[in-house]
Amino acid sequence: MTEHARSALEHLRDASQFQWYVIALLLLVIYVYAAEVERRNWNVFFAGLALWGMDWFNETWNALVLHFTGRAPVWGATGPSAYQILVGLNIEICLMFAVMGVVAAKLLPPKQTRILGMPNRPVFVLANSLACVGVELLLHRMGVLTWDWSWWQADFPLLILLLGYAPFFVVVALVHDLPRVRTKAVVVAALFAFDAVCLATFGLLGWL
């Protein structure tokens, strides 16, 4: 096992690391979603939740990579945290992604709008994914986000873009554009149900 992986596991689900600022962050997340409910802005509300659900999916398979290889996850979160949920996910990252989906959905232009003559949805996915990869590179340089596999590195960020972030913004656009609120709710509920089953199953097996 790599040193980075051991560092990420050192405080895994250790409640003694708790800090009170987590409560404030949680309230801010709740406020963000409550504001969309108040406005009945279901496109943004469900698109935001969809990105959050995709992040839980990503973090689950990332932890499973560590379990099955015994070497390292694809990415690890090793900086100080109030609670380390999974090897690559701490509470601060989790709450950040909960808000990121809402922000991304609010940035979506009307579907018929074209950017430089191109449909805006692919441009939206690419632009947001590139921005997130840029932030990841900075976090990696600061040593709080670690990469131990040769195919997931700063000098070859294509997989980080394609697997790490593009699916997030694809699902935001897809859920946002679904024509019926009920369909949005069903898709998001199915995504979170799948996440919950995976987390419960693999957690009981001791794989996460």
Side-chain angles (χ1 to χ4, degrees), residues 1-19 22 25 29 49-101 104 125 128-172 191-208:
M1 185 178 293
T2 66
E3 181 180 347
H4 290 146
R6 285 193 295 269
S7 178
L9 291 173
E10 184 177 355
H11 298 296
L12 187 66
R13 292 184 284 278
D14 179 4
S16 70
Q17 302 298 309
F18 174 78
Q19 298 291 328
V22 172
L25 292 178
V29 172
L49 288 176
L51 186 146
W52 197 23
M54 277 300 302
D55 182 55
W56 278 104
F57 172 75
N58 267 13
E59 296 294 351
T60 301
W61 69 254
N62 178 55
L64 291 175
V65 170
L66 171 60
H67 171 78
F68 285 109
T69 65
R71 179 177 182 270
V74 180
W75 61 87
T78 59
S81 170
Y83 192 71
Q84 186 80 23
I85 304 170
L86 296 172
V87 68
L89 179 69
N90 58 41
I91 189 65
E92 296 86 356
I93 295 172
C94 177
L95 296 177
M96 180 271 293
F97 275 115
V99 176
M100 180 188 282
V125 171
N128 282 283
S129 298
L130 286 172
C132 289
V133 170
V135 173
E136 290 257 325
L137 294 176
L138 291 175
L139 293 172
H140 176 65
R141 179 168 292 186
M142 289 187 289
V144 296
L145 190 68
T146 61
W147 304 328
D148 287 316
W149 296 98
S150 60
W151 39 268
W152 193 279
Q153 291 292 333
D155 55 359
F156 186 68
L158 182 62
L159 287 180
I160 303 175
L161 186 147
L162 293 178
L163 296 181
Y165 284 104
F168 289 178
F169 299 107
V170 167
V171 78
V172 165
L191 176 57
F192 274 98
F194 179 77
D195 290 340
V197 169
C198 289
L199 288 166
T201 301
F202 300 134
L204 287 173
L205 291 172
W207 294 359
L208 297 178

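- To the nearest 0.5 angstrom, L130 atom CG is 11.5 Å from I160 atom CD1.
- Between F169 and M54, the closest side-chain pair of non-hydrogen atoms is not below 4.5 Å.
- Heavy atoms only, all atoms of each residue included: R13 and L208 are closest at NH2-O, 2.8 Å.
- Closest approach of P157 and V133 over heavy atoms only: CB-CG1, 4.1 Å.
- Judged by distance alone, the side chain of S129 and the main-chain N or O of L162 form no donor-acceptor pair under 3.5 Å.
- Contact detail for A82 and I91: the closest heavy-atom pair is CB-CG2, 4.1 Å.
- For F97, the ring-ring contact (aromatic ring centres under 6.0 Å, His included) partners at least two apart in sequence or on another chain are F168.
- Checked by atom type and distance alone, the side chain of W56 never pairs as donor or acceptor with a backbone atom of L191 at under 3.5 Å.
- Between W61 and W75, the distance from one ring center to the other falls under 6.0 angstrom.
- Distance check, rounded to the nearest 0.5 Å: CD1 of I93 to CG of L145 gives 6.5 Å.
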Please test M142 against L139 for side chain to side chain contact (heavy atoms under 4.5 Å, CB included), starting from the C-alpha separation and ending with a verdict.
CA-CA 5 Å; M142 289 187 289; L139 293 172; 3.5 Å; yes

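- A donor-acceptor contact shorter than 3.5 Å links the side chain of W52 to the backbone of C94.
- Note on ring orientation: taking the six-membered ring where Trp is involved, the planes of F194 and F57 are tilted (angle from 30° to 60°).
- Taking every heavy atom of both residues into account, T60 and C198 meet most closely at CG2-CB, 4.2 Å.
- Residues satisfying the side-chain hydrogen bond (donor to acceptor under 3.5 Å, both in side chains) criterion with S81, sequence neighbours excluded, are E92.
- Of all heavy-atom pairs spanning C132 and M100, the tightest one is SG-CE, 3.9 Å.
- For Q19 (side chain) and V22 (main-chain N/O), no donor-acceptor pair under 3.5 Å exists by modelled atom type.
- Here the side chain of Q153 pairs a donor or acceptor atom with the backbone of W147 at under 3.5 angstrom.
- Not one N or O on the side chain of N62 forms a donor-acceptor pair closer than 3.5 Å with the backbone of P73.
- The shortest distance between side-chain heavy atoms of Y165 and E136 falls below 4.5 Å.
- Summarising the local packing, CZ of F18 is surrounded by more than 12 heavy atoms from other residues, nucleotides or ligands at distances under 6.0 Å.
- D55 CG to L89 CG: the interatomic distance, rounded to the nearest 0.5 Å, is 6.0 Å.
- Note that OG1 of T69 and CG of L64 are 10.5 Å apart. Values are rounded to the nearest 0.5 Å.
- D148 approaches A5 most closely through the heavy-atom pair OD2-N, 4.3 Å.
- Panel note: side chain S7, backbone E3; no donor-acceptor pair is recorded below 3.5 Å.
- Taking 4.5 Å as the limit, some side-chain heavy atom of L66 sits within range of a side-chain heavy atom of L9.
- Separation of atoms CD (Q84) and OG1 (T78) is listed at 8.5 Å; rounding is to 0.5 Å.
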